[in-house]
Participant: 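I am attaching a structure below and will ask some questions about it afterwards.
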Amino acid sequence: MPLLASTPPFSLDLCLESGQAFGWRKVDGAWAGAIGQTAFLLRGVPNGLEWDASGPAGQASMQLQHYLALGEDHPTIVRQFPRDPFLMKAVRCCGGLRVLRQDPWECLAGFILSSTKQIAHIQQIWRNVALRWGTPMKPCGGDSSPIIHSFPGPSTLARRTEAELRGCAMGFRAPYLLEAARAVDGGTLNLETLRSLSTGEARGRLMALHGVGRKIADCVLLFSLGKSEAFPVDTWILKVLRHVYFRGKRKVTAKRLVQFAAVHFGPFGGHAQQYLFHYARMNPGFAREKMRRIKNP
DNA sequence: CCTTAACCTGA
DNA sequence: CAGGTTAAG
């Protein structure tokens, strides 16, 4: 397996377990998944990874470096976080976590499927869709290689019916995914164009889709469109913000918390969000920690 | 503008 | 009941 090194710190496991992408699964200790139309098998090593891929090695290597943000100067990003004891603690705890650079369509589809679902189940639905309409590929030769299915593009899904999508056990999300596929396929929504818009402008375009609210739009902005200030607020983050920054006051509204996050965490808020999110998930008892609060948030 | 129920499925 | 959104009240 070829080796790829990252600027430290980097942890493949943290990145792929983080709930940012739903197409990766562990097969015999290695991560199996697709990036675009290339199948990959990845093994984490300290501050890097070993890999095999179905396509030409040079191209695959470039894809990986981009997807995993291996060249990113991470310490510089962290340095732009607010000086905030809880965030600093989360950063120390989750060293090596990165914000992935996913394909916008796959990211949008994944998060449309995510609403009110736990990660394990989203992965299951994702896999159902990939098995039915994706392209089967092998990351390396030999019989031991797993079969990896790419995720179908918007044009493929646009031709399906709602009933066919429901066959993948996605329930009420089926019409939402179908609408999104048709909007992207038909050109009503050009995802690549969103990169050149302001974050607010791009968010508005995404939220015009049925089934895409603020949270899902922010996930797509952050994980696939390079909008590093997008700060997805889900129930975990809600808990963190309330407990850590507002002394557990229950009456603080979600809206107020979203607004607070935007000003407090700044231009790399999305990266900070990943640390908070992970820390909270790994330490469900965080709410009881003694922690100096930020004054007058 | 704020609150709440319904939406599918399966852990 | 769930890492969410929508339509209705």
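The shown structure was predicted, so the numbers you read here are calculated from the model rather than taken from an experiment. FYI, side chains are in, hydrogens and waters are out, and symmetry mates aren't considered; it's all heavy atoms of this structure. Letters A, B, ... mirror the listed sequences (proteins, then strands); counts begin at 1.
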Participant: Pick the P atom in C/dA8 and in B/dC8, then give their distance to the nearest Å.
Facilitator: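 Approximately 15 Å lies between the P atom of C/dA8 and that of B/dC8.
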Participant: Between A/His210 and A/Phe172, which is nearer to the 5' end of DNA chain C once each is assigned its nearest nucleotide?
Facilitator: A/Phe172
Participant: Can you tell me the distance, in whole Å, between the CZ atom of A/Phe111 and the P atom of C/dG4?
Facilitator: 11 Å
Participant: Please report the distance, rounded to the nearest Å, between NE2 in A/His121 and C1' in C/dG4.
Facilitator: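 Computing the A/His121:NE2 to C/dG4:C1' distance gives 15 Å.
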Participant: Once you apply a heavy-atom cut-off of 4.0 Å, does A/Ile119 come out as touching a base, just sugar-phosphate, or nothing?
Facilitator: base
Participant: Are any of the side-chain heavy atoms of A/Asp84 and A/Met88 separated by less than 4.5 Å?
Facilitator: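 Not touching, per the 4.5 Å side-chain cut-off.
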Participant: In whole Å, what is the span from the NZ atom of A/Lys215 to the P atom of C/dT6?
Facilitator: 13 Å
Participant: Mind pulling the stems DNA chain B is in, i.e. runs of at least three Watson-Crick or G-U pairs, everything under 3.5 Å?
Facilitator: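 Only these stems qualify: B:2-7 with C:4-9.
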Participant: Heavy-atom nearest nucleotide on DNA chain B for A/Gln124 versus A/Thr116: which residue maps closer to 5'?
Facilitator: A/Thr116
Participant: Using atom CG of A/Leu177 as one end and atom C1' of C/dG4 as the other, report the distance to the nearest whole Å.
Facilitator: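 In whole Å, C/dG4 C1' and A/Leu177 CG are 15 Å from each other.
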Participant: Distance alone, cut at 3.5 Å: any donor-acceptor contact between the side chains of A/Arg166 and A/Thr161?
Facilitator: no
Participant: In terms of relative ring orientation, are A/His74 and A/Tyr275 parallel, tilted or perpendicular, with 30° and 60° separating the classes?
Facilitator: tilted
Participant: Take atom C1' in C/dC1 and the same atom in B/dT4, then report the distance between them in whole Å.
Facilitator: 16 Å
Participant: Using the six-membered ring wherever Trp is involved, compare the ring planes of A/Tyr176 and A/Phe172 and label them parallel, tilted or perpendicular (cut-offs 30° and 60°).
Facilitator: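 Plane angle over 60°, so perpendicular.
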Participant: For A/Leu209, which contact category applies under a 4.0 Å heavy-atom criterion: base, sugar-phosphate, or nothing?
Facilitator: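 It contacts sugar-phosphate atoms only.
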Participant: Need one value for A/Arg214: base, sugar-phosphate or nothing, where a base atom within 4.0 Å counts as base even if backbone is also close, heavy atoms only.
Facilitator: sugar-phosphate
Participant: State plainly whether one hydrophobic cluster holds both A/Leu257 and A/Leu221, where clusters connect Ile, Leu, Val, Met, Phe, Trp and Tyr through side-chain heavy atoms under 4.5 angstrom apart.
Facilitator: no
Participant: What's the CG-P distance between A/Asp234 and C/dC1, to the nearest Å?
Facilitator: 20 Å
Participant: For A/Gly211 and A/Thr235, take the nucleotide of DNA chain C holding the closest heavy atom to each; which residue's nucleotide lies nearer the 5' end?
Facilitator: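 That would be A/Thr235.
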Participant: Shoot me the first and last contacting nucleotide of DNA chain B against chain A, ordered 5' to 3', at under 4.0 angstrom to non-hydrogen atoms.
Facilitator: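 Nucleotide range with atoms under 4.0 Å of chain A: B/dC7 to B/dG10.
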Participant: Show which residues join A/Tyr67 in its hydrophobic cluster (side-chain heavy-atom contacts under 4.5 Å, direct or indirect), or state none.
Facilitator: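 Besides A/Tyr67, the hydrophobic cluster comprises A/Leu4, A/Phe10, A/Leu12, A/Leu16, A/Trp24, A/Trp31, A/Ile35, A/Phe40, A/Leu42, A/Leu49, A/Trp51, A/Leu64, A/Leu68, A/Leu70, A/Leu100, listed by chain and residue number.
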Participant: Going only through I, L, V, M, F, W and Y residues with side-chain contacts under 4.5 Å, is there a path from A/Phe111 to A/Met207?
Facilitator: no
Participant: Nearest whole Å is fine: how far is C/dT6 C1' from A/Ile112 CD1?
Facilitator: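 After rounding, the reported distance stands at 14 Å.
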Participant: Between A/His149 and A/Ile147, is there a side-chain heavy-atom distance shorter than 4.5 Å?
Facilitator: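 They are in contact (side-chain heavy atoms under 4.5 Å apart), so the answer is yes.
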Participant: Any carboxylate oxygen within less than 4.0 angstrom of a Lys/Arg side-chain nitrogen, looking at A/Asp13 and A/Lys26?
Facilitator: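 Salt bridge between A/Asp13 and A/Lys26, a charged N being under 4.0 Å from a carboxylate O: yes.
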Participant: Can you confirm whether more than 12 heavy atoms, excluding those of A/Asp28, are under 6.0 Å from its CG atom?
Facilitator: no
Participant: Between A/Asp218 (CG) and C/dG4 (C1'), how many Å, whole number?
Facilitator: 13 Å
